[in-house]
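Numbers restart at 1 for each chain; the letters A, B, ... are given by sequence-line order, proteins then strands.
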2 protein chains.
Amino acid sequence: MGLAKTEMFTDQQNEIALIAKAFGHPARVAILQHLFKINTCVCGDLVNEIGLAQPTISQHLKELKLLGLIKGNVEGTSVCYCIDTDNWAKMKNLMSDFLNQDLDLKEGCC
Amino acid sequence: MGLAKTEMFTDQQNEIALIAKAFGHPARVAILQHLFKINTCVCGDLVNEIGLAQPTISQHLKELKLLGLIKGNVEGTSVCYCIDTDNWAKMKNLMSDFLNQDLDLKEGCC
DNA sequence: TTTATATATTGCAATATTACGATTAATATT
DNA sequence: AATATTAATCGTAATATTGCAATATATAAA
C-alpha cells in the first residue's frame with residue numbers, strides 16, 4: 001500500500017526513519033554537502049550547483065527545512081539557506097545512537 | 001518522475017542516499033535494532049517481533065541483505081539473520097563523514 | 001507603476017515503495 | 001512418500017516520491 005504503519009513503531013524508530021528518508025535522495029545529500037562546503041548562506045546558486053530544475057530544488061529545500069536541518073532567510077528577492085547547526089547536532093545524536101549499536105555487541109554469532 | 005537522476009551525483013552521494021533509504025522505513029530500523037539487541041542470530045521471531053506480515057518482513061530483510069547490512073544463514077527450515085558487523089562498520093564510516101561535516105564549520109552565518 | 005529577478009506553489013505524469021494474500025520452494029518430521 | 005514448517009517469490013492494490021512546465025508570489029530596480 002506504500003504506507004508505513006508508523007503506529008506500530010516507537011517514536012524513536014519513526015524519527016530515525018524520517019531523518020534517514022531525508023538523506024535518502026542524492027540531491028538532498030548534495031544540497032547539504034554544498035551548504036556545509038561554502039560555509040555561508042547560499043543565495044541562489046543551488047539550482048546551478050545541482051543539475052535539477054528550480055521547482056525541484058525548491059521542493060527538496062522545503063523538505064530539509066521542514067525537518068529543521070536547514071534555515072532560510074529572505075534577503076531581498078532571494079532566499080539564503082544554511083545549515084541549522086543546533087538541529088544538525090541534535091539529529092546527529094539520534095543517528096549516532098542508532099549507528100553505534102555495534103559497539104555494544106560483544107560477540108558475533110555467524 | 002519518481003526516478004532519481006543518479007548520474008548527476010557523485011558515487012559517494014549516491015551511496016549515502018542508498019544506505020539512508022534503507023534506514024528510511026521504521027520496520028527496517030526496528031529489524032536492525034532487534035538484531036543488535038538479541039545479539040545472536042534470529043530465526044523466525046522477526047515476524048512476531050515486528051507486527052507485519054511474513055512476506056513484508058521477508059522483503060525488508062531482502063533489502064537489508066542486498067545492501068550487505070545483514071547476513072542470513074539457512075538453518076534447517078528456518079533462516080537465521082544477524083548483523084554483518086564488518087559491513088556495518090564500513091557503512092558507519094561513510095555515514096559518519098557525512099554526519100560530522102558540521103565539525104569543520106568554523107562560524108555560522110545566520 | 002512597470003519591469004526584472006528569484007523563489008514558491010500547483011498540477012500532473014512517471015516511477016518507486018509498501019503491504020499482503022496466494023503460492024512456491026526447501027527442508028524436517030512422521 | 002506424505003505432511004508440516006518456514007521463508008521466499010509473485011501478483012497486485014494503494015500510496016509516496018520525483019521531476020518539471022506553468023503559474024503565482026514577492027521584492028528590487030527602473
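Side-chain N or O atoms of A/Trp88 include none that pairs as donor or acceptor with a backbone N or O of A/Ile70 at under 3.5 Å. Between the side chain of B/Asn14 and the backbone N or O of B/Thr6, at least one donor-acceptor pair lies under 3.5 Å.
When the side-chain nitrogen and oxygen atoms of B/His60 are compared with OP1 and OP2 of C/dT17, none of them lie within a distance under 4.0 Å. For B/Lys21 and C/dT17, the shortest distance from a side-chain N or O to OP1 or OP2 is below 4.0 Å.
Under the side chain to side chain donor-acceptor pair (under 3.5 Å) test applied with B/Gln13, the options A/Arg28, A/Gln33, A/His25 reduce to a single match, A/Gln33.
No N or O donor and acceptor, one from the side chain of B/Gln59 and one from the base of D/dC10, sit under 3.5 Å apart. Between the base of C/dA6 and the side chain of A/Gln54 there is no donor-acceptor pair shorter than 3.5 Å.
Base pairing annotation: C/dT7 forms a Watson-Crick or G-U wobble pair with D/dA24, both donor-acceptor distances under 3.5 Å.
Heavy atoms of B/Leu52 sit under 4.0 angstrom from primed sugar atoms or phosphate atoms, though from no base atom. Across all strands shown, B/Glu75 has no heavy atoms under 4.0 Å from either base or sugar-phosphate atoms. A/Ser78 comes within contact range of the sugar-phosphate backbone alone, with a heavy-atom separation under 4.0 Å but no base atom that close. In this structure, A/Ser58 reaches the bases: a heavy-atom distance under 4.0 Å links it to at least one base atom across the strands shown.
Residue-to-nucleotide proximity on DNA chain D shows that, of B/Lys65 and A/Gly76, the 5′-proximal contact is made by B/Lys65.
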